[in-house]
S.K.: 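Following this message is one structure expressed as structure tokens.
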Amino acid sequence: MGPLTEIGFLLVQTFFSLYLAVVILRLLLQLARADFYNPISQFMVKATNPVLLPLRRVIPPIGKVDTASVVLALLVQMVAMVAIIALFGARLPNVLTLLGWSVIGCLALTVNLYFFAIIINIILSWVAPGTHHPAAVLLYQLTEPVMQPFRKIIPPMGGIDLSPIMVFLVISVLQILLKSMAQSAGLSAVLVFGL
């Protein structure tokens with residue numbers, strides 16, 4: 001890989017992975033019913049609305065799921081993969097293969113977002129317990145729906161919450177399954193941001 005290809009790859013990967021993370025976070029925060037008026041939520045709304053609003057006119061929500069956000073995430077992942085494949089001069093796979101790869105990539109990024117959100121939430125609970133910073137509030141609102149079922153299984157003992165251990169175990173299992181699916185689908189880790 002030459003230096004121009006490497007620079008192009010870095011730029012494409014950075015831009016698309018950041019935008020895809022914002023799209024997925026917006027979807028997850030909507031599902032978690034997080035504070036819409038939080039400044040960070042407002043940033044995500046403003047960053048995604050130019051593309052998302054026209055999609056919503058064509059793609060209605062299904063229940064509580066903003067289907068347009070799901071389609072946008074898959075499209076962003078797919079366009080990123082096409083750009084990376086074109087950058088390397090490889091042959092493009094068919095659309096169904098790209099769609100399958102995009103689903104795997106979006107799921108992998110979602111799992112990684114939860115992993116890092118829970119770690120940051122744990123660290124914040126040690127260094128700044130009870131903080132009301134907008135980022136900390138959103139992290140709590142994002143992770144609490146995932147953590148709550150595990151807290152019912154393992155309630156806090158002596159002020160120590162051990163439920164993240166179970167969540168990290170589930171996340172690890174999901175990561176292994178997604179990597180296996182990616183390998184079975186012939187998907188390279190270079191093409192996917194979450195693997």
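Only a predicted model underlies this, so the values are computations on that prediction, with no experimental measurement involved. For reference, positions follow the sequence shown, starting with 1.
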S.K.: Between Leu53 and Val23, is there a shared hydrophobic cluster once you connect ILVMFWY residues whose side-chain heavy atoms come closer than 4.5 Å?
M.R.: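 Shared cluster, no.
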S.K.: So, do Asn112 and Gln175 sit near enough that their side-chain heavy atoms are less than 4.5 Å apart?
M.R.: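 They are in side-chain contact.
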S.K.: Please lay out, stage by stage, how Ile7 and Leu11 fare under the test side-chain contact (heavy atoms from CB on, under 4.5 Å).
M.R.: CA-CA 6 Å; Ile7 290 169; Leu11 293 175; 4.1 Å; yes
S.K.: Which residues pass the ring pair (Phe, Tyr, Trp, His ring centres under 6.0 Å) test with Phe115, not counting sequence neighbours?
M.R.: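 Residues passing ring pair (Phe, Tyr, Trp, His ring centres under 6.0 Å) with Phe115: Phe168.
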S.K.: What I'd like to find out is whether the side chain of Val22 reaches to under 4.5 Å of the side chain of Leu18, using heavy atoms alone.
M.R.: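 Contact flag for Val22/Leu18 side chains = no.
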S.K.: Sorted by first residue and then second, give each side chain to side chain donor-acceptor pair (under 3.5 Å) pair with at least one member in residues 78-92; sequence neighbours left out.
M.R.: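 Side chain to side chain donor-acceptor pair (under 3.5 Å) check on residues 78-92 returns no pairs.
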S.K.: Show every side chain to side chain donor-acceptor pair (under 3.5 Å) that has at least one partner inside residues 55-64, sequence neighbours left out.
M.R.: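 Pairs touching residues 55-64 that pass the test: Arg56-Asp66.
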S.K.: Between Leu28 and Tyr114, is there a side-chain heavy-atom distance shorter than 4.5 Å?
M.R.: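 Yes - at least one pair of side-chain heavy atoms lies under 4.5 Å apart.
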S.K.: Side chains of Val170 and Phe150, heavy atoms from C-beta outward: is any pair under 4.5 Å?
M.R.: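 Yes, at least one pair of side-chain atoms sits under 4.5 Å.
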S.K.: Kindly give the heavy-atom pair with the smallest separation between Leu29 and Ser41, and that separation in Å.
M.R.: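 For Leu29 versus Ser41, the nearest heavy atoms are CD1-OG, 4.3 Å.
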S.K.: How many angstroms lie between atom CG of Leu74 and atom CG of Leu98, to the nearest 0.5 angstrom?
M.R.: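 The distance works out to 11.5 Å.
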S.K.: Enter the distance from Asp35:CG to Ile40:CD1 here, rounded to the nearest 0.5 Å.
M.R.: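 One finds 10.5 Å between CG of Asp35 and CD1 of Ile40.
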S.K.: Please determine whether residues Val65 and Leu72 belong to a single hydrophobic cluster, defined as Ile, Leu, Val, Met, Phe, Trp and Tyr linked transitively by side-chain heavy-atom distances below 4.5 Å.
M.R.: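 Val65 and Leu72: one cluster.
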S.K.: Search all heavy atoms of Leu124 against all heavy atoms of Ala136 and return the closest pair with its distance.
M.R.: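 Minimum heavy-atom separation between Leu124 and Ala136: CD1-CB, 3.8 Å.
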S.K.: Using side-chain heavy atoms (C-beta onward) and a distance below 4.5 Å, is Ile118 in contact with Ile122?
M.R.: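 They are in contact (side-chain heavy atoms under 4.5 Å apart), so the answer is yes.
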S.K.: For the CG atom of Asn38 and the CG atom of Leu138, what is their distance to the nearest 0.5 Å?
M.R.: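 Answer rounded to 0.5 Å: 3.5 Å.
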S.K.: Judged by atom type as modelled, is there a donor-acceptor pair below 3.5 Å linking the side chain of Ser184 to the main-chain atoms of Ser180?
M.R.: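 Looks like yes, one N/O pair under 3.5 Å.
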S.K.: Is there a path of hydrophobic side-chain contacts, each under 4.5 Å between heavy atoms, that joins Met166 and Leu162?
M.R.: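 Per the 4.5 Å side-chain linkage, Met166 and Leu162 are co-clustered.
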S.K.: Does one hydrophobic cluster hold both Leu99 and Leu92, with members joined at side-chain heavy-atom distances below 4.5 Å?
M.R.: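 Yes, same cluster.
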S.K.: Which atom names give the shortest non-hydrogen contact between Leu52 and Ser69, and what distance separates them?
M.R.: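 Between these two residues, the closest heavy atoms are CD2-OG, 3.4 Å.
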S.K.: Leu20 pairs by side-chain contact (heavy atoms from CB on, under 4.5 Å) with which of Val76, Leu75, Leu25?
M.R.: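 Result: among Val76, Leu75, Leu25, Val76 is the only option passing the side-chain contact (heavy atoms from CB on, under 4.5 Å) with Leu20.
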S.K.: Which value, rounded to the nearest 0.5 Å, describes the distance between Leu178 atom CG and Cys106 atom SG?
M.R.: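 Interatomic distance, Leu178 CG to Cys106 SG, rounded to 0.5 Å: 11.0 Å.
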S.K.: Work out which heavy atom in Trp101 is nearest to a heavy atom in Ala185; give both atom names and the distance.
M.R.: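 In terms of heavy atoms, the two residues are closest at NE1-O, 2.9 Å.
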S.K.: Provide the closest heavy-atom pair for Pro54 versus Pro50 in the form atom of the first, atom of the second, distance.
M.R.: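 The answer is CD-O, 3.3 Å.
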S.K.: Sequence neighbours left out, what pairs pass side chain to side chain donor-acceptor pair (under 3.5 Å) with at least one residue falling in residues 44-54?
M.R.: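 As it turns out, the side chain to side chain donor-acceptor pair (under 3.5 Å) pairs with a partner in residues 44-54, which skip direct neighbours, are Arg26-Thr48, Arg26-Asn49.
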S.K.: Compare every heavy atom of Ile24 with every heavy atom of Ala73, then report the nearest pair and how far apart it is.
M.R.: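 Closest approach of Ala73 to Ile24: CB-CG1, 4.1 Å.
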S.K.: Are Ile85 and Leu10 connected into the same hydrophobic cluster when the rule is that any two of I, L, V, M, F, W, Y join if their side-chain heavy atoms are below 4.5 Å apart?
M.R.: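 No; Ile85 is not reachable from Leu10 via cluster members.
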S.K.: How would you list, by chain and number, every residue that makes a side chain to side chain donor-acceptor pair (under 3.5 Å) with Thr97, sequence neighbours excluded?
M.R.: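 Partners of Thr97 by the side chain to side chain donor-acceptor pair (under 3.5 Å) criterion, ordered by chain and then number, come out as Asn94.
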S.K.: Could you state the interatomic distance from CG (Leu142) to CE (Met147), rounded to the nearest 0.5 Å?
M.R.: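 With rounding to 0.5 Å, CG (Leu142) is 11.5 Å from CE (Met147).
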S.K.: Going from CD1 on Ile153 to OG on Ser163, what distance comes out if it is rounded to the nearest 0.5 angstrom?
M.R.: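 Rounded to the nearest 0.5 Å, the CD1-OG separation comes out at 9.5 Å.
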S.K.: Only counting residues at least two apart or in another chain, list the ones meeting salt bridge (Lys or Arg N to Asp or Glu O under 4.0 Å) with Asp161.
M.R.: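 Expected list: Arg151.
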S.K.: Val137 versus Tyr140: any side-chain heavy-atom pair under 4.5 Å?
M.R.: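 Counting from C-beta outward, Val137 and Tyr140 never come under 4.5 Å.
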S.K.: Is the backbone of Ala117 close enough, under 3.5 Å, to the side chain of Thr143 for a donor and an acceptor to pair up by distance?
M.R.: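 Looks like no, no N/O pair under 3.5 Å.
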